[in-house]
Amino acid sequence: MATTRKVACVLVVWALVAAGLGPVSARAPLGRKPQREFDYFALSLQWPGTICASTRHCCASNGCCRSEPLQWFTIHGLWPDYDDGTWPACCRRTQFEMDKILPLKDMLDKYWPSLYCSSSSTCFSGKGPFWAHEWEKHGTCSAPVVQDELQYFTIALDLYFKYNVTEMLSSGGIQISNGKEYALSEVIDTIKHAFGGSPQIVCKRGSVEELRLCFDKELKPRDCLTTSLTNGSVSRTKHCPQYIKLPKYDPLVLANSTGEIMTQFDHFEVSAAIYTA
Ligand code: U2P
């Protein structure tokens, strides 16, 4: 009986592996050649004030929907990139497991929140949380610097705290204030001076959407590629004008809201009952 069960188990594992779903790690997605080692990392940060200004629907997982607006740069991802402006993606079949990063959960909620409601696409299993998307798409391509999921998120958070952009700006005399305009060159120079490498800035209608800091494989600051080198990966509409804004947004609902909530953009009369504090 025990032998029969053992054989059945081996057969199931074999079938899962053959289908590309099993406990296989360190391999390229089916049908793809392994991707070559990356050249450098970009730590991509988002400015919630720009992204959350277009929030139309709220849900518990959307950082934009907390009662206190996020007034700091939050993490988008730690991206392994190539020097030619392209990047590897979805390199190994190692699925995201929330359990592995539970000790970091509070910090991730605060500093690496999703700013959208929908679940993001993952490389190997459809949809998942934002962190699953970033790990599967970028984290799995971060070897040999990053060995596993916990290390990926730990390194990203360490870099984020060590090179605090919001602080770099304020100690360089750039106090972030709603409605104010800043010379793009001044923002770039301030960060260059404090960080030791040139950032890449992505805008949306004149407001900063993303700010990227770049690192070599020893995690030392280096210049990011300038947009002209990145083969159009930053489209013209994402280019920044000479003067840029770092806007503040008004959160739409109270913290810990549950379920999908229609906001005042869709319905002016929203029942107070669905706002949960
Ligand atoms: O810029 C649009 C999306 O392309 C992905 N990206 C961009 C630049 C880069 O160096 N590496 C990279 O992966 C990002 O995709 P995401 O992580 O959001 O799936 C970025 O949002």
Side-chain angles (χ1 to χ4, degrees), residues 28-29 32 35-48 50-52 54-55 61-64 73-92 94-96 101 108 111-143 145-146 149 152-153 155-157 159-160 163 165 188 191 195 197-205 207-217 219 221-240:
R32 276 215 228 148
Q35 296 171 73
R36 73 184 155 86
E37 192 178 312
F38 71 103
D39 296 320
Y40 72 97
F41 277 121
L43 177 68
S44 191
L45 308 173
Q46 336 196 65
W47 182 249
T50 302
I51 295 166
C52 298
S54 358
T55 302
S61 60
N62 187 344
C64 296
F73 280 93
T74 58
I75 303 174
H76 181 160
L78 180 64
W79 300 338
D81 280 346
Y82 294 130
D83 279 327
D84 65 2
T86 63
W87 55 86
C90 303
C91 296
R92 283 185 293 138
T94 43
Q95 279 180 345
F96 175 79
I101 54 165
L108 294 171
Y111 300 111
W112 198 332
S114 170
L115 300 181
Y116 299 94
C117 277
S118 54
S119 20
S120 357
S121 62
T122 56
C123 295
F124 309 116
S125 59
K127 301 270 179 190
F130 183 38
W131 304 319
H133 171 81
E134 292 301 311
W135 160 247
E136 291 191 9
K137 182 172 174 187
H138 304 288
T140 62
C141 300
S142 304
V145 180
V146 170
E149 188 186 308
Y152 174 70
F153 288 96
I155 290 179
L157 285 168
L159 294 175
Y160 174 78
Y163 302 102
V165 168
I188 291 178
I191 289 174
F195 172 67
S198 196
Q200 189 184 59
I201 303 185
V202 177
C203 290
K204 186 176 175 189
R205 284 184 234 108
S207 295
V208 174
E209 186 175 48
E210 300 232 349
L211 192 153
R212 297 173 188 153
L213 297 178
C214 297
F215 300 87
D216 65 21
K217 288 193 263 189
L219 307 176
R222 59 158 266 175
D223 290 340
C224 292
L225 300 184
T226 60
T227 50
S228 57
L229 273 177
T230 55
N231 271 338
S233 77
V234 174
S235 68
R236 288 188 67 198
T237 53
K238 300 273 180 184
H239 273 124
C240 297

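This is a predicted model, so every value here is computed, not measured. All ligand and atom numbering here is 1-based and tracks the order in the structure.
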Are we looking at SG atoms under 2.5 Å apart for C214 and C224?
yes
Is there a ring-ring contact (aromatic ring centres under 6.0 Å, His included) between Y160 and W112? Walk through the geometry before answering.
CA-CA 10 Å; Y160 174 78; W112 198 332; 8.7 Å; no
Among W87, Y82, F41, closest by any non-hydrogen atom to atom 7 (C) of ligand 1:
W87
Hey, which of D83, D81, D39 is the one that makes salt bridge (Lys or Arg N to Asp or Glu O under 4.0 Å) with R222?
D83
Strictly under 4.0 Å, does any heavy atom of E210 approach an atom of ligand 1?
no
Would you say that F73 contacts L213 through its side chain, given a criterion of any heavy-atom pair below 4.5 Å between the two side chains?
no
Short list, please: which atoms of ligand 1 are under 4.0 Å from a heavy atom of D81?
9 (C), 10 (O), 11 (N)
Between Y40, W79, F130, flag the one that comes closest to atom 20 (C) of ligand 1 by a heavy atom.
W79
When you measure from atom 13 (O) of ligand 1 to each heavy atom in H133, H76, H138, E209, which option holds the nearest one?
H138
Measuring only between side-chain heavy atoms, which start at C-beta, is I101 closer than 4.5 Å to E149?
yes
